[in-house]
Amino acid sequence: MKTVDINNIKIIIVDNYEQMSKKAAAMIEAQVLLKRNSVLGLATGSTPEGMYQELVKKYQENEVNFQDVTTFNLDEYYPIASDNPQSYAYYMYEHFFKHVNVREHYQNIPNGSNTNVEETCQAYDRAIEASGNIDLQILGIGTNGHIGFNEPDVKFEAGTHLVELDEETIEANARFFEHIEDVPKQALSMGIRNIMHSKKIILMASGQNKAKAIHAMLRGPVTPELPASILQLHQDVTLIIDEAAAGEL
Ligand code: GLP
């Protein structure tokens, strides 16, 4: 393991995906031990799958208890039903919620099936604020530098909102669907404002295909063209990345 700071961001470089997953799970465990009623911001995608597996193991071994934890997921496709296997609600249930004791009413995911998008987004922002804001936000990163589904050219001041997905994102996520045409073209996402109000942020990345985005977010200018670059302006961000994702630093 190596550690380095670049532009106000703490970076932990580990050998591989497994180590990245273990480190992230250890930090969530520590967060919940230090504050039992933590508000966790959660992410989906391939990147955090191993982290959820580790957390489930810790829960089964009685190392961590999610009884008083509240969770807010970053994003959800739109429109999509929560029982659709491609939905992020389904992902969260399969990878995490069905195995641990986060109470159902404390699990929050943007509602991809409410046609009143405005109402969904405002309710989500209000719920995050009412919880006292997120204590620890977990992020992945898209190959184009997106966080959540905040695509390039996002408005930094936005709260939860409806997003038109980029071609690059649709192509990257096509691997989860039978046909590329099946990938939803829109999504609901927490905005950069919600993410920046989190007290702590952990961003995870693994693999060479993330190296360009990691380099740009750390070394490049802060710009809406590379949404993750805004994290240079947050006071408590830790990156956990493997050697391959750190390849261009
Ligand atoms: C997806 C999600 C993001 C995720 C990113 C990377 O589209 N909306 O929250 O971080 O893209 O996904 P993966 O971890 O599968 O590479």
Side-chain angles (χ1 to χ4, degrees), residues 14 16-18 20-21 23-25 28 40-54 71-80 84-92 94-96 108-110 112 121 124 134 136-154 158 160-177 180 182-192 194-196 198 201-214 216-217 226-231 237-242 244-247:
V14 293
N16 53 38
Y17 180 84
E18 192 190 342
M20 176 196 73
S21 305
K23 280 271 173 299
I28 294 192
L40 302 178
L42 298 178
T44 50
S46 323
T47 310
E49 278 180 22
M51 177 195 79
Y52 290 126
Q53 265 171 33
E54 291 294 330
T71 63
F72 285 94
N73 264 76
L74 277 168
D75 48 14
E76 176 61 285
Y77 288 117
Y78 180 83
I80 202 157
N84 182 324
Q86 309 294 354
S87 73
Y88 286 167
Y90 193 91
Y91 170 109
M92 286 308 298
E94 285 299 316
H95 288 95
F96 193 49
N108 299 279
I109 302 179
C121 294
Y124 211 64
I134 290 163
L136 177 60
Q137 175 67 56
I138 302 296
L139 296 174
I141 186 168
T143 51
N144 62 359
H146 75 229
I147 46 178
F149 266 134
N150 291 282
E151 297 281 30
D153 295 325
V154 67
T160 306
H161 61 294
L162 184 70
V163 179
E164 301 292 327
L165 298 180
D166 263 23
E167 246 348 280
E168 187 172 331
T169 302
I170 291 172
E171 279 164 29
N173 287 356
R175 66 187 191 282
F176 298 113
F177 294 80
I180 191 162
D182 300 338
V183 185
K185 309 275 180 292
Q186 292 180 309
L188 299 162
S189 180
M190 257 189 221
I192 297 290
N194 307 108
I195 294 171
M196 289 300 278
S198 311
I201 296 176
I202 291 175
L203 185 145
M204 305 158 75
S206 164
Q208 203 194 341
N209 65 331
K210 299 292 171 72
K212 211 165 81 207
I214 291 294
M217 74 162 280
L226 204 297
S229 65
I230 189 73
L231 300 178
V237 181
T238 302
L239 252 58
I240 311 174
I241 57 179
D242 65 10

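Whatever order the structure lists them in is the order used to number ligands and atoms, beginning at 1. This one's a predicted model, so the numbers in the text were calculated from it and none came from an experiment.
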**OP:** Measure the acute angle between the ring planes of Tyr88 and Tyr91, then classify it against the limits of 30° and 60° as parallel, tilted or perpendicular.
**Re:** perpendicular

Subject >> Minimum-distance protein heavy atom relative to atom 16 (O) of ligand 1 >> reply: Lys210 NZ, 2.7 Å

**OP:** Examine distances only and state if a side-chain atom of Asn150 and a backbone atom of Met190 form a donor-acceptor pair shorter than 3.5 Å.
**Re:** yes

**OP:** Supply the atom-to-atom distance Phe149 CZ to Glu164 CD, rounded to the nearest 0.5 angstrom.
**Re:** 12.5 Å

Subject >> ligand 1-proximal atoms of Thr47, by part, heavy-atom distance under 4.0 Å >> reply: both

Subject >> Top protein contact for atom 8 (N) of ligand 1, by heavy-atom distance >> reply: Asp75 OD2, 2.8 Å

**OP:** Record the part of Asn173 in heavy-atom contact with ligand 1 below 4.0 Å; permitted values are side chain, backbone, both and neither.
**Re:** side chain

Original post:
For ligand 1, is Met190 a contact, meaning one of its heavy atoms is under 4.0 Å away?
Top reply: no

Original post:
To which of Met204, Glu151, Arg175, Glu168 does the heavy atom nearest atom 15 (O) of ligand 1 belong?
Top reply: Arg175

**OP:** Below 4.0 angstrom from a heavy atom of Gly45, which ligand 1 atoms are there? Numbered from 1 as shown, please.
**Re:** 14 (O), 15 (O)

Subject >> N/O separation below 3.5 Å, His146 to ligand 1 >> reply: yes

Original post:
Of the backbone atoms (N, CA, C, O) and the side-chain heavy atoms from C-beta on, which set of Glu76 has a member under 4.0 Å from an atom of ligand 1: side chain, backbone, both, or neither?
Top reply: neither

**OP:** Give a yes or no on this: more than 12 heavy atoms of other residues, nucleotides or ligands lie within 6.0 Å of atom CD of Gln208.
**Re:** no

Original post:
What atoms of ligand 1 come within less than 4.0 Å of a heavy atom belonging to Tyr88?
Top reply: 1 (C), 2 (C), 7 (O), 8 (N)

Subject >> For atom 4 (C) of ligand 1, closest protein heavy-atom neighbour >> reply: Thr44 O, 4.1 Å

Original post:
Cut-off 3.5 Å, side chains only: do Gln53 and Ser21 have a donor facing an acceptor?
Top reply: no

Subject >> Flag, side chain of Lys210 to backbone of Ile141, donor-acceptor distance under 3.5 Å >> reply: yes

**OP:** For Phe149, take its heavy atoms, then give the atoms of ligand 1 lying under 4.0 Å from any of them.
**Re:** 7 (O), 8 (N)

Subject >> Aromatic centroids of Tyr124 and Phe72 separated by under 6.0 Å >> reply: yes

**OP:** Report yes or no: does Gly148 have a heavy atom closer than 4.0 Å to ligand 1?
**Re:** yes

**OP:** Hey, could you give me the CG/CG distance between Asn173 and Asp182, rounded to the nearest 0.5 Å?
**Re:** 13.0 Å

**OP:** Below 4.0 angstrom from a heavy atom of Gly140, which ligand 1 atoms are there? Numbered from 1 as shown, please.
**Re:** 10 (O)

**OP:** Mind checking whether Tyr77 contacts ligand 1 via backbone (N, CA, C, O), side chain (CB onward), both or neither, at a 4.0 Å heavy-atom cut-off?
**Re:** neither

Subject >> Close side-chain approach of Leu42 and Phe96, heavy atoms under 4.5 Å >> reply: yes

**OP:** Check the pair Lys23, Ile202 against side chain to side chain contact (heavy atoms under 4.5 Å, CB included), reporting the backbone distance first and the verdict last.
**Re:** CA-CA 10 Å; Lys23 280 271 173 299; Ile202 291 175; over 6 Å; no

**OP:** Check Ser46 against ligand 1 and report side chain, backbone, both or neither, counting heavy atoms closer than 4.0 Å.
**Re:** both

Original post:
How many angstroms lie between atom CD1 of Ile230 and atom CE of Met217, to the nearest 0.5 angstrom?
Top reply: 10.5 Å

**OP:** Could you tell me which atoms of ligand 1, counted from 1 in the order shown, lie closer than 4.0 angstrom to a heavy atom of Ile141?
**Re:** 6 (C), 10 (O)

